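Position 1 is the first residue of the sequence, and the numbers go up from there. Numbering of ligands and ligand atoms starts at 1, following listing order. A quick note: this is a predicted structure, and the numbers were derived from the prediction, not measured.
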Amino acid sequence: MNFTTVAWDDENNTVRMLDQTQLPNAVVYEQFDDYREVAVAIKELKVRGAPAIGVSAALGVVVGIQDSLASDYGSFKSELDTVIDVLADTRPTAVNLFWALERMRRTAETNRESAVGDLKKILHREAIDILNEDRDMCRRIGLHGATLIGDGHTVLTHCNAGALATAGAGTALSVIYEASRQYSDISVFADETRPILQGARLTAWELQEAGVDVTLICDNMAAQVMKEGRIDSIVVGADRIASNGDVANKIGTYGVAVLAQAHSIPFYVAAPFSTIDMDMPDGSGIPIEERASEEITEGLGKRTAPEGVRVYNPAFDVTPANIVTAIITERGIARTPYTDTILALSLMK
Ligand code: MRU
């Protein structure tokens with residue numbers, strides 16, 4: 001990739017992010033040396049996508065504690081808790097955020113006997129490990145997922161589950177990148193993904209940058225495109241997967257899955273194992289973020305709905321496990337019955 005979604009800047013001791021709100025019109029990087037700014041960047045979608053949010057939060061913890069003057073674990077821990085709470089209070093749906101923050105909290109706890117200076121270094125290393133593991137996880141998801149794609153296939157995707165959503169090559173798009181490496185003729189249809197167009201602004205941009213054949217459609221064209229026989233499979237990402245295989249992902253995913261079933265097209269979900277919430281028995285308990293009404297009432301630089309109209313803007317939906325053909329993780333591919341196959345993957349390392 002010739003861009004970096006999120007990284008640690010060793011020279012300046014800052015988190016460096018590509019500001020995705022400015023894509024595809026400008027490639028602008030921002031440096032963050034304040035964890036509160038990292039939290040705002042997550043909230044405002046400068047960085048987005050479940051794995052990238054987790055990595056950013058872990059790096060946000062590092063900037064949050066690096067100047068701590070605490071001299072004992074008790075006071076360091078209370079500063080750490082404040083930083084973690086602020087970063088956690090940003091986006092409720094993607095479980096990777098809480099997974100990464102919990103891992104940072106546990107690392108501190110495990111090393112509570114260390115001097116505060118050493119603890120800072122240990123937490124820094126842990127955040128870098130989370131970032132590097134994310135890269136490797138993307139690569140392995142790509143390898144597993146590519147076995148489900150054949151030469152000459154056209155894949156439809158929704159939202160952006162690509163390099164812009166992770167520290168590596170993505171989840172759903174990693175499958176496409178790997179298939180494109182193995183075969184000569186892979187193409188993609190990208191849903192634009194209303195209301196804020198991650199498919200148009202981000203997926204179309206990153207696939208073009210990577211030289212992958214991509215065609216952009218409005219969300220409401222997916223049914224027709226499937227009926228015309230143009231789509232061989234669908235691959236999307238996930239923000240949280242319940243232990244029974246129900247999948248929360250960007251709003252509109254559920255509709256795509258229903259359409260896939262109606263047209264007998266396989267519907268695949270690609271996600272790291274950290275996206276599976278083993279404490280969530282089914283999708284009904286997954287918190288769904290609701291975002292500002294302006295995302296729907298304003299577009300193209302102007303108001304597109306009457307003042308005062310009531311708006312409902314859930315950012316995610318839940319696709320029931322029974323219409324998910326397979327879940328591709330870095331540990332392998334799970335198929336129905338998901339309660340058993342996910343449990344089996346959870347026991348692997
Ligand atoms: O609101 P966003 O842009 O953070 O939503 C992103 C998605 O829904 C992605 O599909 C999901 O996080 C998977 S990213 C690998």
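For ligand 1, the polar-atom distance check finds no N/O of L45 at less than 3.5 Å from any of the ligand's N/O atoms. On a distance-only criterion, H158 and ligand 1 share no N/O pair closer than 3.5 Å. Checked by distance only, ligand 1 and N249 come closer than 3.5 Å through their nitrogen or oxygen atoms. The shortest N or O to N or O distance between T166 and ligand 1 is not below 3.5 Å.
When each atom of ligand 1 is checked for a heavy atom of C159 under 4.0 Å away, the hits are 5 (O), 6 (C), 7 (C), 8 (O). Under a 4.0 Å criterion applied to the non-hydrogen atoms of T171, ligand 1 contributes the atoms 15 (C). Ligand-side atoms of ligand 1 in range of A161: 14 (S), 15 (C), range being under 4.0 angstrom from any heavy atom. In summary, the atoms of ligand 1 found under 4.0 Å from a heavy atom of Q198, numbered by their order in the structure, are 1 (O), 2 (P), 3 (O). Applying the 4.0 Å criterion to heavy atoms of A50 picks out, from ligand 1, the atoms 12 (O), 14 (S).
The backbone N or O of R240 lies less than 3.5 Å from no partner atom in the side chain of D277, so there is not a single donor-acceptor pair. Counting only distance, with no hydrogens or angles, the side chain of T325 and the backbone of P266 share no donor-acceptor pair below 3.5 Å. Checking side-chain atoms of T93 against main-chain N and O of E289 turns up a donor-acceptor pair under 3.5 Å.
Protein heavy atom nearest atom 2 (P) of ligand 1, with residue, atom name and distance: R91 NH1, 3.6 Å. A165 CB, 3.4 Å is the protein heavy atom nearest to atom 14 (S) of ligand 1.
Contacts between N160 and ligand 1 below 4.0 angstrom, taking non-hydrogen atoms only, involve the backbone exclusively. When non-hydrogen atoms are compared, ligand 1 lies under 4.0 Å from the backbone of K250 as well as from its side chain.
Among residues at least two apart or in separate chains, side-chain hydrogen bond (donor to acceptor under 3.5 Å, both in side chains) pairs with a member in residues 215-226 are Q224-E228.
Remark: R335 engages no residue in a side chain to side chain donor-acceptor pair (under 3.5 Å) (not counting sequence neighbours).
The option from L202, I196, D239 that lies nearest to atom 11 (C) of ligand 1, judged by heavy atoms, is D239. Scanning A271, P51, A238 for the heavy atom closest to atom 13 (C) of ligand 1 points to A238.
Under the 4.5 Å side-chain criterion, counting only non-hydrogen atoms from C-beta, Y338 is not in contact with N244.
In this structure, I327 CD1 and I276 CD1 are separated by 6.0 Å, a value rounded to the nearest 0.5 Å. In this structure, CE in M137 is found 13.0 Å from CZ in F273, a value given to the nearest 0.5 Å.
No option in V236, I217, V225 other than I217 meets the side chain to side chain contact (heavy atoms under 4.5 Å, CB included) test with D191.
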